[in-house]
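Reading through the structure tokens given below for one structure.
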Amino acid sequence: MEGGNGNRGSSFYQSRRGHGRGRGHRFPSNQSKVSSFGERGTSSSTSGSSASNSVLSNRQEEDAQPSSNIVGTCPYMCPERERIQREKLRDLAVFERLNGNPRKSSPALAVKKFCRTISTKYVQASDLRPIVVLEDTLNYLWSLLESKEHSFEEVHDFVFDRTRSIRQDITMQNIVNSKAIYLYERMVKFHVVSHYNLWRSMSDPNTASMHHLNLEQLTKTLTSLFNLYEANRNSNHVHENEAEFHSLYVLLHLGSYSQPMGEPLSVWFRRVSTPVLKSKEMCFARRILRSSQLGNYKDFFCTTAAQATYLQFCIMMPYINEESDLESFCHSCGLEICTDESGNKLLPTKQTTFSHPKGRFQSYSFLGLQEYESQF
């Protein structure tokens, strides 16, 4: 399983291990007949116990109930019949078009769409992708995030939908093993980095809507990931990346006092295992939250600079009040701001000019701070 440091060298930016646009999972030439994309089906031999299955049946974000006896057999990123039907309907995303043709795709380009309503009555194994194909599909989607031809917003819109489809296939097959955890962690990373990248373009109303929807799916994907951790719990064992992903949920509470999962954070903490609560990642998140609540900006920024992983940083940035406030605060402390070639403002590290501001601090704030209620 990949590491969970969340640094810029993390799996979000990792190479696709040879999965190019026309490469990746080897798709057989003898394509099997599959059902229409309005139908679904499958349950895997990698499924967990019935208790684990009941955990997955509560995953509301996939909008589908798991089937208990179907194993996915689709060898492609998109079932053939769905691809053919969408070709006829000209329902192909720009990334799926063969040579730019809106009526033609291929098994190496088409990716199964998310379907909001699924009836298990019509589920067929040929519509569901086994876990190996789902991993190859996710690798392919990752490669698109490095696109230089399309804006991040355009790529995000496509990957956003297709990763929901991956989660849907996992749910329908009741796959609750370590491989499912691996895929969910990567999909959470996608939503976390998107949370930051979309926030940087919030002046566009369309991007603002995308940011809201992305946050919604980030929360839901985290919920399912936490359920998977529990379904694979062995005594007090802590999964490799579990502490960091739990810390991300805590940091989401910087935004306001509303609860992302519909419950007070204090209640949520009671269900978190002791080893996770005592981890450095969770201690960092709780300290940041407390500093934000108390308005202790020095501790907030110093702790962030010293300890934050890249993923934690991506969660935090949208909740710090306006850029001008941060820039003014840095100047008050004798720190210099520079601008890179792209016009982004940067705070150079290892500056020796830090000093306490003369007179009183200007009043700075964090988004939602005035509404935040103590959870500790």
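In this chain, residues are counted from 1 in sequence order.
The environment of Glu230 atom CD is dense: over 12 non-hydrogen atoms of other residues, nucleotides or ligands sit within 6.0 angstrom.
Closest approach of Gln312 to Ala308, counting heavy atoms only: OE1-CA, 3.5 Å. Closest non-hydrogen pair, Arg129 versus Met77, comes out as NH1-O, 3.0 Å. Residues Val133 and Cys74 approach most closely at CG2-O, 3.7 Å, considering heavy atoms. Taking all atoms of both residues into account, the shortest heavy-atom contact from Phe152 to Ser194 is CZ-OG, 3.4 Å. Shown here for Val176 and Leu228, the closest heavy-atom pair between the two residues is CA-CD2, 3.7 Å. Of all heavy-atom pairs spanning Arg162 and Lys112, the tightest one is CD-O, 3.6 Å.
No side-chain donor-acceptor contact under 3.5 Å links Gln173 to the backbone of Ile170. Between the Asn177 side chain and the Ala180 main chain, a donor and an acceptor come within less than 3.5 Å of each other. Looking at Glu242, its side chain does come within 3.5 Å of a backbone N or O of His239 through a donor-acceptor pair. Proximity of a side-chain donor or acceptor of Thr223 to a complementary backbone N or O of Thr219 within less than 3.5 Å is detected. No side-chain donor-acceptor contact under 3.5 Å links Thr339 to the backbone of Lys345. When atom types are taken as modelled, the side chain of Asp204 and the backbone of Asn206 share a donor-acceptor pair closer than 3.5 angstrom. Although no hydrogens or angles enter the test, the distance criterion places a donor-acceptor pair under 3.5 Å between the side chain of Thr353 and the main chain of Gly334. Judged by distance alone, with hydrogens and angles left aside, the side-chain atoms of Gln168 form no donor-acceptor pair with the main-chain N or O of Phe114 at under 3.5 Å. Within the 3.5 Å criterion, the main-chain N or O of Tyr249 finds a donor-acceptor partner in the side chain of His253.
With contacts defined as side-chain heavy-atom distances shorter than 4.5 Å, the pair Ser105/Arg83 qualifies. Here the side chains of Leu145 and Val193 are not in contact, with every heavy-atom distance at 4.5 Å or above.
Residues passing the salt bridge (charged side-chain N to carboxylate O under 4.0 Å, His left out) test with Arg103, sequence neighbours excluded: none.
For the atom pair CZ of Phe300 and CZ of Arg290, the computed distance is 14.5 Å after rounding to the nearest 0.5 Å. Within the model, atoms CG of Leu225 and CD1 of Ile181 stand 7.0 Å from one another, a figure rounded to the nearest 0.5 Å. Atoms CG and NE2, on Asn197 and His211 in that order, are 10.0 Å from each other to the nearest 0.5 Å.
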Note to self: salt bridge (Lys or Arg N to Asp or Glu O under 4.0 Å), that's the test. Do Arg287 and Asp299 meet it? Break it down for me.
What the structure shows: CA-CA 9 Å; Arg287 180 172 179 175; Asp299 185 70; 2.5 Å; yes

Checklist line | Intermediate values then yes/no, side-chain contact (heavy atoms from CB on, under 4.5 Å), Asp169 and Ile175 | finding: CA-CA 9 Å; Asp169 275 20; Ile175 302 175; over 6 Å; no

Note to self: Walk me through whether His156 and Phe190 qualify under ring-ring contact (aromatic ring centres under 6.0 Å, His included).
What the structure shows: CA-CA 9 Å; His156 172 272; Phe190 160 70; 5.2 Å; yes

Checklist line | side-chain contact (heavy atoms from CB on, under 4.5 Å) between Leu138 and Trp142, intermediate numbers included | finding: CA-CA 6 Å; Leu138 188 57; Trp142 246 234; 3.2 Å; yes

Next item on the list: Any chance you could lay out the side-chain hydrogen bond (donor to acceptor under 3.5 Å, both in side chains) test for Arg167 and Gln217, step after step, and finish with the verdict?
Entry: CA-CA 11 Å; Arg167 285 151 49 197; Gln217 292 305 311; 2.8 Å; yes

Notebook entry, point to check: Would His246 and Trp268 count as a ring-ring contact (aromatic ring centres under 6.0 Å, His included) if you check the C-alpha gap in whole Å, the side-chain angles of each, and the deciding distance to 0.1 Å?
Noted result: CA-CA 10 Å; His246 275 80; Trp268 181 80; 5.7 Å; yes

Next item on the list: Verify side-chain contact (heavy atoms from CB on, under 4.5 Å) between Tyr140 and Leu109, making sure each step is shown before the conclusion.
Entry: CA-CA 9 Å; Tyr140 171 72; Leu109 294 175; 3.7 Å; yes

Next item on the list: Would you please test Phe160 and Met210 for side-chain contact (heavy atoms from CB on, under 4.5 Å) and show each step?
Entry: CA-CA 10 Å; Phe160 178 91; Met210 292 173 66; over 6 Å; no

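In summary, the aromatic rings of Phe313 and Tyr196 are positioned with their centroids under 6.0 Å apart.
One hydrophobic cluster, built from ILVMFWY side chains closer than 4.5 Å, cannot hold both Leu92 and Val94; they sit in different ones.
Salt-bridge annotation for Arg97 and Glu87: absent, with no side-chain N of the basic residue lying under 4.0 Å from a carboxylate O of the acidic one. The residues Glu82 and Arg86 are annotated as salt-bridged, a charged nitrogen and a carboxylate oxygen being separated by less than 4.0 angstrom.
Under the 6.0 Å distance and 45° angle rule, Arg286 counts as a cation-pi partner of Phe269.
For the side-chain contact (heavy atoms from CB on, under 4.5 Å) criterion with Phe284, the lone passing option out of Val250, Thr309, Leu289, Leu251 is Leu251.
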